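Written out below as structure tokens is the structure these notes cover.
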Amino acid sequence: MAARGHVQDPNDRRLRPIYDYLDNGNNKMAIQQADKLLKKHRDLHCAKVLKAIGLQRTGKQDEAFTLAQEVANLEPTDDNSLQALTILYREMHRPELVTKLYEAAVRKVPTSEEYHSHLFMAYARVGEYKKMQQAGMALYKIVPKNPYYFWSVMSLVMQAISAQDEKLSHTMFLPLAERMVEKMVKEEKIEAEAEVQLYFMILERLGKYVEALEVVRGQLGEKLTSELQSRENKCMLLYHQLKHWPECNALSCKLLLKNPDDWQFYLSYFDSLFHLIDQSWTPPEEGDHCTEGEVHCSVSQAISFVEERLAAEEAKESRPLRGPYLARLELIRRLRQRSCSEEQQLGEPLELMFQYFVKFGDKPCCITDLKVFLELLMPDQYVQFINRLTEAVPLGEAGEDDVALPGDTRALQRHLCVAQLGRCLGLQHALDTDGKLALIRELKIHYHHGLQFGKNCLKTELQFSDMYCLMAAHVYVDLWMETGNEQMLWQCLGLLEEGLSHSPSNAQFKLLLLLLFCRLGAFEPVVDLYSSLDAKHVQHDTIGQLFHRQCFFIQTRKMNRLNNSLHFAQVRTERMLLDLYLEADISSTLEESVKSMSLCPEEDDIPWDNIRDNRDLTVFVSWNPKDRQLNEEHRQRSVEEEALWLKIRSVTLRLVGCLSGLCHPPSVRNSEKTTENGVAAKPSTLQPLLSQMESTLSQAAQFTERHSQHQYPILGPPSTRLAQALASGSCQCQLSALQLPIHLQELEAAGLDQSAELQAQISNLFKSLTVQLQDTLNKCKGDLLEVKDGRCKAQPSLLENLVYFVETICVVLWVSNYCGSTLRPLKSSLQKKKKKKKDATAVTPVVLSGFQEFTSSLQSLLSQALEHIKGQESHLTALKMESLSLEGLSQTEEEGAFTKTVMDKVQSSYLRSLQEIGDLLRKRVDTLKSLKI
């Protein structure tokens, strides 16, 4: 904000100190300085806005908004006020107000290029594509510059992309955009590459590939220069779309002769070659094969072509390129898929991969290059292959540890590549427990030895031997999953913590730590780990699912909204539920809390039909063999599970919103019209939502039963809370509680005198709820950190069940509050009748005594829960982590210190979670007093 141009206006000099205070974060001084200035110059609008920015940043949003609107209503046109208001609205997350600001400015100064361009950008921020188009054309009429004209064209393309009706896109928006560009082409006014790119995009979206090809190959295509081989790449893309395989093949050949290392052109070459073979294509007897030159249309030509590229590489004195060697393996793979005997002409895959390793094994990319072609090996060749590679690694003499170590980073990289390939082939997984422990020991020795090569690395750089550490962690995880021995998990966490101390920027260490801490239900260390990943914008949506699991009491980071994102919908729903659990009927009433969220229970605003799964499920480095990798079935099941859980949470939220709307004012509570207009109108939303919840819970139960034996890979998507929530009984208990208001409304309509059966039914519901809540609480009993024989075992499911109990208690208390507000006037009315009849012996109605018993039971349940939490806090506090042995596992003193650190983090996290749960329950106990009738 301080970077402002040269100024002549004396107001700029007066405003300078306020800008400086705001830039330096001294918001209080900025407000004071603005007040001083406004006493002397009341009409200095910008000072008011700068004061509003200071107020906004000190948490006084309402005051800031009021002050800003005072200035905005005056429709300012001075640059200072407009820029300051833009900054303020951006910080308020109200970009739509910026559009109104510049609409007014453009009305007052219709010839201003600056205001028109600001208006266009303001529309762009809120996705008003039609208005962007109009603003772009208005700007072009004032200042006829090409960029402004193409802003308008791009706005049409955006309307086409965002239109719900695809037919409308192809019949109106895109053809109009095409005509607008063609007009400029005919008038020879195309100037920039971006304009050609936009024309290409329009033609491509219209499916006019022939016309697009003409553009790329014509005069306009000469402007495509920003990317290397941009024209060729576009031609290749269009040939693929048009299925012009001869041209595709010939162009690939030409480009590979120029650059034999460009992998995408090898793929195009092989794709087109086999399409031509399948079509039995033959070149014409006379003339060129096609417009791009000579075409290869037989396997023998392809083999000759690849061998020529290889011969050229072998003849070079400089280091060879990888492309031709990988192309030979790719050709073998494709020929084998088609059962072509010619594959033998190219050589034995094992020998070829060994030669590739000899040439390129010291490059980190060697593992990813060869991993793709491991399927060419027979299972009985795996051990032979790894042994041959091991022999080619230059290692020193074995030391005291009986482990031969590399002498430099190139030898280290070769050895690491062999270890990674061994894991990819499943050789590590085939080892027994002792074999895996011996492997871990060897990997740790290599890791510690390799640290010497990275002594001078910056904190932002990775250590050369980091992958040994990560692989050892993966083997620990294998052991933990196979044996259930939690000592392996503690060792794994300790090793990753050590790795992070040497390589603080290693994202893989952080991600795996994050995953394992979440598995343990220890969310305190997770927040710092996720923050240190420094995830950018869209990454919150692609990797956030690792973090957003069971984090009931952890404050999640703000997510950038991505339209139709499954994860965004989950985070938003959980955030709203969390706010209600923490605040509703404590710091504000349920009704006020729901109102402040702008929650409309009648509307389901989640776009179920268009919901997108943006998660990146390949974020972890993995060397697992194919049968242990994430597959499509896992992905589909995960999306189904995520959607089911989101539906349960979303309907729960809407039901709570509905409940808040049932609270009717006392003045009309007993009037006759209430049953017509007040109360009877409400269940119209409540009943369908209850039916929807029943149906969803039924689907969820079937899903859980169907997939109870199927686990996701540990490095795959984390499971939702669905199975655990159903097992705890909390979902069913909440549903039972939320059905009470409907019965209470029937009772209110019938009165106490004529409703004995209904009262018995409600009373039984109260008793049933008490039993269900007790059952849910019983599932929380046990030690979070259980110590047996000096060994420590975490039981995170107990903490998760405790969270479900708290959520359920919150819902039950909100429902009870409604029950109390309904029963109170009925009891009052009954007492008045008793007084008139002077009948002191009348029996208390069942529903009233049942409710009083129910509130007493709630008091008892909450006391039990608080007692349990207190006991767990005492147990955890008394636990001395350093005294717990990790016997049977060789650990140095340093490794033991790191293991103790992670155990302390888990212990501290559990204590904090218990403390926060306990604090909330104590606040809820206070609300019980208001339930007396």
Side-chain angles (χ1 to χ4, degrees), residues 481 515 518-519 521 541 544-552 564-574 576-577 604-617 627-656 688-739 772 775-776 779 796-801 803-805 807-808 811:
M481 299 303 285
L515 179 77
C518 281
R519 280 273 182 137
D541 200 46
Q545 85 278 356
L546 300 172
F547 175 53
H548 168 234
R549 284 288 173 275
Q550 304 127 311
C551 296
F552 177 78
N564 304 343
S565 157
L566 171 65
H567 187 224
F568 173 78
Q570 289 170 324
V571 170
R572 191 189 58 165
T573 305
E574 293 294 340
M576 291 165 88
L577 280 169
D604 185 357
D605 59 357
I606 296 173
W608 294 105
D609 293 336
N610 299 314
I611 204 133
R612 289 177 53 137
D613 178 22
N614 293 329
R615 296 172 302 162
D616 181 1
L617 300 179
D627 61 325
R628 289 174 178 256
Q629 286 173 10
L630 188 71
N631 57 37
E632 194 54 38
E633 192 260 323
H634 291 136
R635 289 171 190 273
Q636 293 298 329
R637 176 157 42 103
S638 174
V639 173
E640 188 183 346
E641 184 182 345
E642 296 282 352
L644 268 174
W645 178 239
L646 174 58
K647 193 159 277 187
I648 289 171
R649 301 297 275 177
S650 167
V651 176
T652 302
L653 179 63
R654 290 170 65 199
L655 279 165
V656 172
L689 281 175
L690 287 168
S691 302
Q692 195 178 336
M693 180 61 111
E694 278 188 68
S695 163
T696 308
L697 286 177
S698 171
Q699 286 175 34
Q702 289 169 16
F703 176 89
T704 309
E705 192 178 336
R706 208 165 54 240
H707 299 294
S708 58
Q709 300 304 312
H710 303 120
Q711 295 292 318
Y712 299 115
I714 183 78
L715 300 179
S719 295
T720 66
R721 297 159 60 195
L722 183 65
Q724 187 79 13
L726 292 175
S728 74
S730 65
C731 296
Q732 198 56 49
C733 187
Q734 288 176 36
L735 178 62
S736 301
L738 288 161
Q739 284 168 336
Q772 288 180 64
D775 185 45
T776 303
K779 288 173 182 169
S797 60
L798 298 177
L799 184 61
E800 195 174 347
N801 284 343
V803 167
Y804 295 133
F805 173 75
E807 288 186 5
T808 309
V811 173

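This structure is a prediction, so every number in the text was calculated from the model and none was measured.
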Test item: R637 side-chain N/O and H710 main-chain N/O as donor-acceptor pair under 3.5 Å: yes
Taking every heavy atom of L515 against every heavy atom of I714, the minimum-distance pair comes out as CD2-O, 3.3 Å
I need the minimum non-hydrogen distance between S736 and Q772, along with the two atoms involved. OG-NE2, 3.4 Å
Judged by modelled atom types alone, do Q570 and E642 share a side-chain donor-acceptor pair under 3.5 Å? yes
Nearest heavy atoms of S650 and I606, plus distance in Å: OG-CD1, 3.6 Å
Side-chain contact, heavy-atom cut-off 4.5 Å: S730 with Q734? yes
Determine the minimum heavy-atom distance between S565 and I611, stating which atoms define it. C-CG1, 4.3 Å
Close side-chain approach of L630 and P717, heavy atoms under 4.5 Å: yes
Can you check whether H634's main-chain N or O pairs, donor with acceptor, with S638's side chain at less than 3.5 Å? no
Is the shortest side-chain heavy-atom distance between N614 and L566 below 4.5 Å? no
Side chains of Q724 and K779: does their closest heavy-atom pair fall under 4.5 Å? no
For S728 and Y804 the tightest heavy-atom approach is OG-CD1, 3.6 Å
Distance only, no hydrogens: is a donor on one side chain within 3.5 Å (strictly under) of an acceptor on the other, for Q636 and E632? yes
CD/E640: more than 12 non-hydrogen atoms of other groups inside 6.0 Å: yes
Side-chain heavy-atom pair R572, F568 within 4.5 angstrom cut-off: yes
